[in-house]
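Naming convention: chains lettered A, B, ... in sequence-line order (proteins, then strands); numbering from 1 in each chain.
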Amino acid sequence: MQRSKLWARLKSWEALLFIILCVVIFVNLRLSSHYLDLNNLANIFHLSIEKSLMVLIMAFVIINGEIDLSVASIMALGATVLAERYEAGWSIAAGLALALLVGLGCGLLNGLFVAYMGIPSLIVTLAGQIGYRGAARIILEDRSVGDFPKWFTSLGQDGFIGPFPITSFLFLALFILGLVVLQYSVFGRYVYAIGNNRAAAEYAGINAKQVKVTLFMLSGLIAALAGACYAARLGNVRANAAEGFELDVITIVLLGGVSIFGGTGTMLGVGLSLLVVLNLRNGMSLSNVDGNTQTSVVGSLLILSVLIPNWMQRLQRLLSHLFAKNPKLFNRGGAAEPKSPVSVHQ
Amino acid sequence: MRRVRRLVPLQRLRELSLVLILIIVIVIFGNQIDNYYTPRTFNRISSTVALITLVAVGQTLVLLTRNVDLSVGSMVGFTAYYLGRHLSKTEDMSPMVLAAMAMGIGGAMGLINGLLVAYGRIPAIVVTLGTMAIYRGALVRYSDSKSVATRELPPWIKDLPQETLYKFGEYELRALPGIALGAVIIFFFILLYSSFGRRLYAIGSSPEAAHLAGIHAPRMVTLAFTLCGALSGLGGMVYLARFGTITVEAGRGLELQVVAAAVVGGVSITGGSGTVLGAMLGAILIGTLEQSLIRMQINEFWKDAVMGLCIIVAVSVDRILINQLTPWWSRTELQRMPEEPHAEV
C-alpha cells in the first residue's frame, strides 16, 4: 500500500516537471558561471513578475474549463490608467485603486458574457483582448508616460530583502494563497467540480455562473495589479505594453499539467512549470539565444509535454493488452498522469 | 411566410442579416466620409479583406471539426518570407509555380499541426499555440533576422495587386481579391456537396455519431488542418504581393483577426456549423470597419476598441437571435414531415 502510493507520487506530473527543472538547472550551471549569482536568481523572477502573477489566476480559470485571452490587454489597460491618472495629478494610490477597479470591471464584463450569455470564453476574451487594448490606446494614444515618483519605481526595481524586490514577495504570498484556496478551500473544490463536469456540479447545487464571474473578475484584478508592477518595474508605460503575454501565461499553465478541458491540474505543478520556463529562458538568455527562439523552445516543450504522456499511455495499453493475464501490472497507482485530453474525434 | 421559411435555411438567414448589417455600416460611413462611394475605397477595402478571407476559409474548415488553428499568422509569415527570399534569388518563376510552392510549404506546416492533433491526440489549441511559436522561431532562424525588401522582388509580383481580372463599370475585381473569392467559391461547394465537406460537419456536430457512421475522423481532421495550412501559404503569397517588405514579424497577430472574422461570420467555435460564405462576410465586415475607421480620421486610436466591441456585439446578437429563431424557423420542417412509426427492432 505504502509502496504503491510512493510509486504514484513518482509517476506524477509534478515529479516529471521536477526532473525537467533539475535538468534545466544543471545545464544552466554548466553553461554559465553567472547563473548562481544572487542577482541573476533575483532577475529570473523579477524580469517576468507580471507573467508569474497572471499565471496564478490563469490556472484557476483554465481548471474551471474556461480561458482568458484578455489578461495582457487588461494589464496594459491597468498600467495605462495608473500612468494617465498620475499624470493628471492624482496620487499613485488613487490611480492604483482606479486601475484595479478598471481591471475588476473588465473581468466582470468578460464573466457576464461567458456565464450569463453562454458565449464561449475563447471568443469573449478574444474580443476583450482587442477591445481592452483599444481602450488603452484611446487613453494614451501613442505616447509614453513615465516620471513616476522615486519611491514607486524603487518598489518595483530595488531589492527589498537582498536583491529581491518587494513584488517577488507579493508573488510568493499570492502563490501560497492560490495554493491554499485552490487545493484546500470550498471555493477551490467548486472550481475543480465545475471544470470536471459543469452539469453535475450544478445539480450538486453549485452556482457555476457565480463562480465563473468571480474567477474572471479576479483574473482582471490580478492582471491590473500586474500592470501596476509593470509600471513600477519599467518606470514608463505605453499602450502596447505586454503584447503577446497571454500566450506565455497559458503555455506555462498548460505545461504545469492543467488540462485545457478543465478539471485537472495542481498549483504545485503550475509553480514548477513556471520555474522550468523561467529558468529555461534565463539559461538561454545567458547563452545569447534570441527571444523568438526561446519562445519556440518553450512551444516545443509544451507540445512534447502532452504528446509523450499520451504515447506512454498508449504503450501501456498495448503492453497490458499483450500481457492480458496480468493487466494490473501496468495499471497501478491511480490517477498518476494528467487526464488524457479527451480528443473530440475518437 | 411558411414558403420563405422552407426555402431559406437558417444559415442563409444568418448570412442575409450579415449582408444587411454590412449595408447599414456602409451607409453610415458613406454619410460620414466624403467621397466614400468611390472605386478607390472599394479597391482599398477589397485588397485588405483578401488576405483575411483566404485564411479565414482555411480556419473555417478547422473550426468546423471543433478544433482551432492559432498558428496561421506564423504560417503566413514564414511562407511570405520564404517566397520572397526565393524570388530574390531566382530570376524567372511563373506565378503558378510560386502559388504551388506557397501551398506546398503551408500545407506541410498544416500537416504537422494536423498529425499532432489527430494522431498525437493533443488538443488543437495546445498544438497550434506551440507551433505558432515554433514556426515563428523557424522564420527567425531561417531569415537570420533580415528582411526581404521590395526592390529585391521581380516586377510581376509587385504588379499583382494592381492586376485587374474583371471590370464592372469603374469597379474592378483585382487579382488578390479574385484569388480569395475563388477559394471561397471552391470551398463553398466542397463543404456543401462533397462527402469530405459533409464529414467535416458530421465530426464537428457529434464526434460519437460520426464515429459510429464510419467516418475516420483523424484522417479528416488532418486533411482540414493541411488545407488550412495550404490556404495560409497562399495567404503568404498574397501578403508578399501586397506588402513587398517582409520582416520576421510578418503576419503576427493575424490569427486573431482571422478567428474573429470567422466567428463574426457565424462559424461556431464549438464545431459543426458555419459556412465559408459567412466567414467571408465576417472578414468583409471587419475589413470595412477597419479601413473606414482609419479614413474617418476622428481618431485612429479608437479602431481597436470599436473592433472589440463589434465582435462581442455581433456574437451576442447572433446568439440571441438564433436561440429565439431556431424553434420558430424549424417548425415548418416538423409539420411537413409526417410522423413515422418507429421501426421494430
Requested in this report: Rounded to the nearest 0.5 Å, what's the gap from OG on B:S143 to CG on A:N292? Could you check?
Outcome: 9.0 Å

Query - Non-hydrogen side-chain atoms of B:R219 and B:Y119 separated by less than 4.5 Å - result: yes

**Report entry** Partner chain A: residue of B:V315, B:L139, B:V259, B:L309 with the largest heavy-atom pair count (under 4.5 Å)
**Finding:** B:V315

Query raised in the report: Hey, which of A:L126, A:L254, A:L140, A:I250 has the most heavy atom pairs under 4.5 Å with chain B?
Result: A:L126

Query raised in the report: Side chains of B:Y81 and B:K146: closer than 4.5 Å at any heavy-atom pair?
Result: yes

**Report entry** Contacting moiety of B:V140, where chain A heavy atoms sit under 4.5 Å
**Finding:** side chain

Requested in this report: Anything in residues 263-272 of chain B with a heavy-atom distance to chain A below 4.5 Å? Please list those residues in order.
Outcome: B:V263, B:I269

Requested in this report: Could you look at A:L122 and say if it's the side chain, the backbone, both or neither that has a heavy atom under 4.5 Å from chain B?
Outcome: side chain

Query raised in the report: So, B:D304 and A:R137, do they make that salt bridge, N to O below 4.0 Å?
Result: yes

Query raised in the report: Which one, B:I215, B:L129, B:I311, leads in non-hydrogen pairs under 4.5 Å with chain A?
Result: B:L129

Report task. Could you tell me which portion of A:I303 (side chain, backbone, both or neither) has an atom closer than 4.5 angstrom to a non-hydrogen atom of chain B? Result -> both

Query raised in the report: Any side-chain heavy-atom pair from B:C228 and B:L61 closer than 4.5 angstrom?
Result: no

Query raised in the report: Which value, rounded to the nearest 0.5 Å, describes the distance between B:I122 atom CD1 and A:L304 atom CG?
Result: 8.0 Å

Query raised in the report: Any side-chain heavy atom of B:L293 sitting closer than 4.5 Å to one from B:W302?
Result: no

Query - Leading residue by heavy atom contact count with chain A [cutoff under 4.5 Å; candidates B:C310, B:A138, B:S316] - result: B:S316

**Report entry** Contacting region of B:M132 [heavy-atom separation from chain A under 4.5 Å]
**Finding:** side chain

Query raised in the report: Given the options A:L69, A:I139, A:I123, which has more heavy-atom pairs under 4.5 Å with chain B than any of the others?
Result: A:I123

Query raised in the report: Between B:I125 and chain A, which part of the residue has a heavy atom less than 4.5 Å away: side chain, backbone, both or neither?
Result: side chain

Requested in this report: Ignoring hydrogens and angles, state whether a donor on the side chain of B:E255 or B:S71 is under 3.5 Å from an acceptor on the partner side chain.
Outcome: no

Query - Option that, when pairs with chain B are counted at under 4.5 Å, heavy atom only, ranks first among A:M117, A:R314, A:E243, A:R133 - result: A:R314

Query raised in the report: Is there side-chain contact between B:R136 and B:F78, with at least one heavy-atom pair below 4.5 Å?
Result: no

Query raised in the report: Are B:R85 and B:D144 ion-paired here, with the side-chain N under 4.0 Å from a carboxylate O?
Result: no

**Report entry** Heavy-atom proximity to chain A below 4.5 Å, by part of B:L116
**Finding:** side chain

Query raised in the report: So what's closer than 4.5 Å to chain B heavy atoms on A:Q129: side chain, backbone, both or neither?
Result: side chain

**Report entry** Salt bridge flag under 4.0 Å for residues A:E87 and A:R143
**Finding:** yes

Query - Leading residue by heavy atom contact count with chain B [cutoff under 4.5 Å; candidates A:I119, A:T295, A:T293, A:I67] - result: A:I119

Query raised in the report: Does atom CZ of B:R198 have more than 12 heavy-atom neighbours, drawn from other residues, nucleotides or ligands, at distances under 6.0 Å?
Result: yes

Requested in this report: Taking the side chain as every heavy atom from C-beta outward, state whether B:L256 and B:L70 have any pair of such atoms under 4.5 Å apart.
Outcome: no

**Report entry** Between B:G120, B:A260, B:A124, B:G204, the one whose heavy-atom pairs under 4.5 Å with chain A are most numerous
**Finding:** B:G120

